[in-house]
There are 2 protein chains.
Amino acid sequence: MEQQMADISKAEFEVLEVLWQQYPAAASDIVERLNKKKTWHEKTVKTLLNRLVKKQAVGFIKEQRRYLYSPLFEREHYTQAASKSLVERLFSGQLSPLVAGFAKNKKLERDDVEALKSLIDQWESEHD
Amino acid sequence: MEQQMADISKAEFEVLEVLWQQYPAAASDIVERLNKKKTWHEKTVKTLLNRLVKKQAVGFIKEQRRYLYSPLFEREHYTQAASKSLVERLFSGQLSPLVAGFAKNKKLERDDVEALKSLIDQWESEHD
DNA sequence: TCACTTTGATTACAACTGTAATCAACAACA
DNA sequence: TGTTGTTGATTACAGTTGTAATCAAAGTGA
């Protein structure tokens with residue numbers, strides 16, 4: 001399960017996103033929630049759900065005619081794996097070059113900086 | 001060119017990596033350098049080079065029978081775009097949740113923390 | 001000059017993706 | 001009860017990707 005997570009495609013991830021918002025959910029609900037942002041045909045969403053089930057990212061229980069779907073791992077679990085994988089590929093596992101890139105790019109906002117500072121304080125209070 | 005960068009596949013990126021190490025370079029050199037780490041068939045590497053040329057990520061000049069290839073943008077340019085794209089997809093553009101994930105995961109090393117601190121100092125000295 | 005080598009170009013082919021359409025089973029309405 | 005709509009399952013189909021093999025042109029050694 002740890003490895004398959006990487007194999008979730010972008011479209012599949014968007015389906016997972018709305019599932020994490022609220023689950024269990026029927027396909028029709030998922031379609032409806034998705035279409036606040038995108039315009040995917042119902043059939044498309046069903047296909048993506050099917051693929052997610054095959055990939056063991058989503059499970060379901062039957063409620064009569066229809067299924068109620070649920071994600072099989074937490075969003076945070078996925079984001080951590082995806083982040084780690086990117087940082088490994090691009091920066092041999094070092095996080096700071098990524099942050100440096102953001103800083104250089106003016107992509108770093110004051111809120112981010114404040115959040116980073118408390119993360120660092122926290123980290124330092126935990127490590128010696 | 002800014003957008004196409006995202007469309008560089010993982011295998012293609014590895015070819016770019018060794019090109020950035022040193023260029024211009026002939027296909028044979030690239031194959032040789034790549035095979036310090038992997039075992040890709042020469043034909044495979046040629047295919048990837050071709051695709052990179054089509055995607056305008058790599059250019060070349062002819063030197064008689066063979067080509068000398070060069071990357072058409074900097075590594076940092078690519079890593080910044082890829083980082084930004086991931087952070088947007090996973091954290092709506094906010095960097096700190098990514099760092100928080102690393103911290104939670106024990107993936108944050110002392111070196112990283114020190115680097116982050118100087119980045120923050122730097123940022124703060126530049127902003128008001 | 002002829003067979004062989006090297007190089008880029010073209011073609012191959014299966015798996016994965018995005019984006020659906022069709023099918024089969026059941027439910028609901030007329 | 002026959003028709004229609006809904007739901008998941010199966011099939012479709014082109015584009016991308018990983019991983020090469022084949023082809024054609026040019027250079028090389030005998």
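By convention in this document, chain letters (A, B, ...) are assigned in the order of the sequence lines, proteins followed by strands, and residues within each chain are numbered from 1.
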Axis-to-axis angle across the helix from dT1(C)-dA30(D) to dA30(C)-dT1(D), five pairs each end, nearest 10 degrees, ~ 30°
I need the residues from residues 11-30 of chain A with at least one non-hydrogen atom less than 4.0 Å from DNA chain C; give them sorted by number, or say none.
A11(A)
Under-3.5 Å donor-acceptor pair between R51(A) side chain and dT10(D) base:
no
Here the distance between atom C1' of dT10(C) and atom CG of L49(B), to the nearest Å, is 16 Å
Check: Q94(B)/D112(A) side-chain N/O donor and acceptor closer than 3.5 Å:
yes
Apply side-chain contact (heavy atoms from CB on, under 4.5 Å) to the pair F91(B) and S83(A), showing each step before the final yes or no.
CA-CA 10 Å; F91(B) 309 111; S83(A) 306; 3.9 Å; yes
Rounded to the nearest 0.5 Å, the CG atom of L49(A) sits from the OH atom of Y67(A) at a distance of 11.5 Å
Can you measure K46(B) atom NZ to dG18(D) atom C1' for me and round it to whole angstrom units?
18 Å
Taking 4.0 Å as the cut-off, does a side-chain nitrogen or oxygen of K55(A) come that near to OP1 or OP2 on dT17(C)?
yes
side-chain N/O W40(A) vs dG18(C) OP1/OP2, d < 4.0 Å:
no
Between dG18(D) (P) and L48(B) (CG): distance, integer Å
7 Å
Please give, in whole Å, the distance from dG8(C) C1' to Q64(B) CD?
15 Å
Expressed in angstrom and rounded to an integer, what is the separation of N50(A) atom CG from dG18(C) atom P?
15 Å
At under 4.0 Å, does any side-chain N or O of K43(B) touch on OP1 or OP2 of dA21(D)?
no
Would you please confirm or rule out a distance under 4.0 Å between OP1 or OP2 of dG18(C) and any side-chain N or O of S9(A)?
yes
Give, for atom CG of L90(B) and atom CD of E76(A), the distance between the pair rounded to the nearest 0.5 Å.
12.0 Å
Using the six-membered ring wherever Trp is involved, compare the ring planes of W20(A) and Y78(A) and label them parallel, tilted or perpendicular (cut-offs 30° and 60°).
tilted
On DNA chain D, compare the nucleotides closest to R66(A) and K54(A); which residue's is nearer the 5' end?
R66(A)
Among dA21(D), dT7(D), dA20(C), the one nearest any side-chain atom of H41(A) is dA20(C)
Quick one: K10(B) NZ to dG18(D) P, roughly how many Å, whole number?
9 Å
Rounded to whole Å, how long is the line connecting atom OH of Y67(B) with atom C1' of dT6(C)?
14 Å
Given DNA chain C, 5'-ward residue of the pair R65(B) and R65(A), judged by closest heavy atom
R65(B)
Under 4.0 Å: is that the gap between some side-chain N or O of T44(A) and OP1 or OP2 of dA20(C)?
yes
Whether R89(A) and E17(B) form a salt bridge (side-chain N of Lys/Arg under 4.0 Å from carboxylate O of Asp/Glu) is what I want to check.
no
If you count heavy atoms of other groups shown closer than 6.0 angstrom to CD of E74(A), is the number above 12?
no
I'd like to know if E14(B) and K10(B) make a salt bridge, using a cut-off of under 4.0 Å between side-chain N and carboxylate O.
no
Would you say CD of E32(A) has more than 12 non-hydrogen atoms from neighbouring residues, nucleotides or ligands within 6.0 angstrom?
no
Is the F73(A) ring parallel, tilted or perpendicular to the H77(A) ring (thresholds 30°, 60°)?
tilted
Write down the distance between CD (E42(A)) and C1' (dT22(C)), rounded to a whole number of angstrom.
13 Å
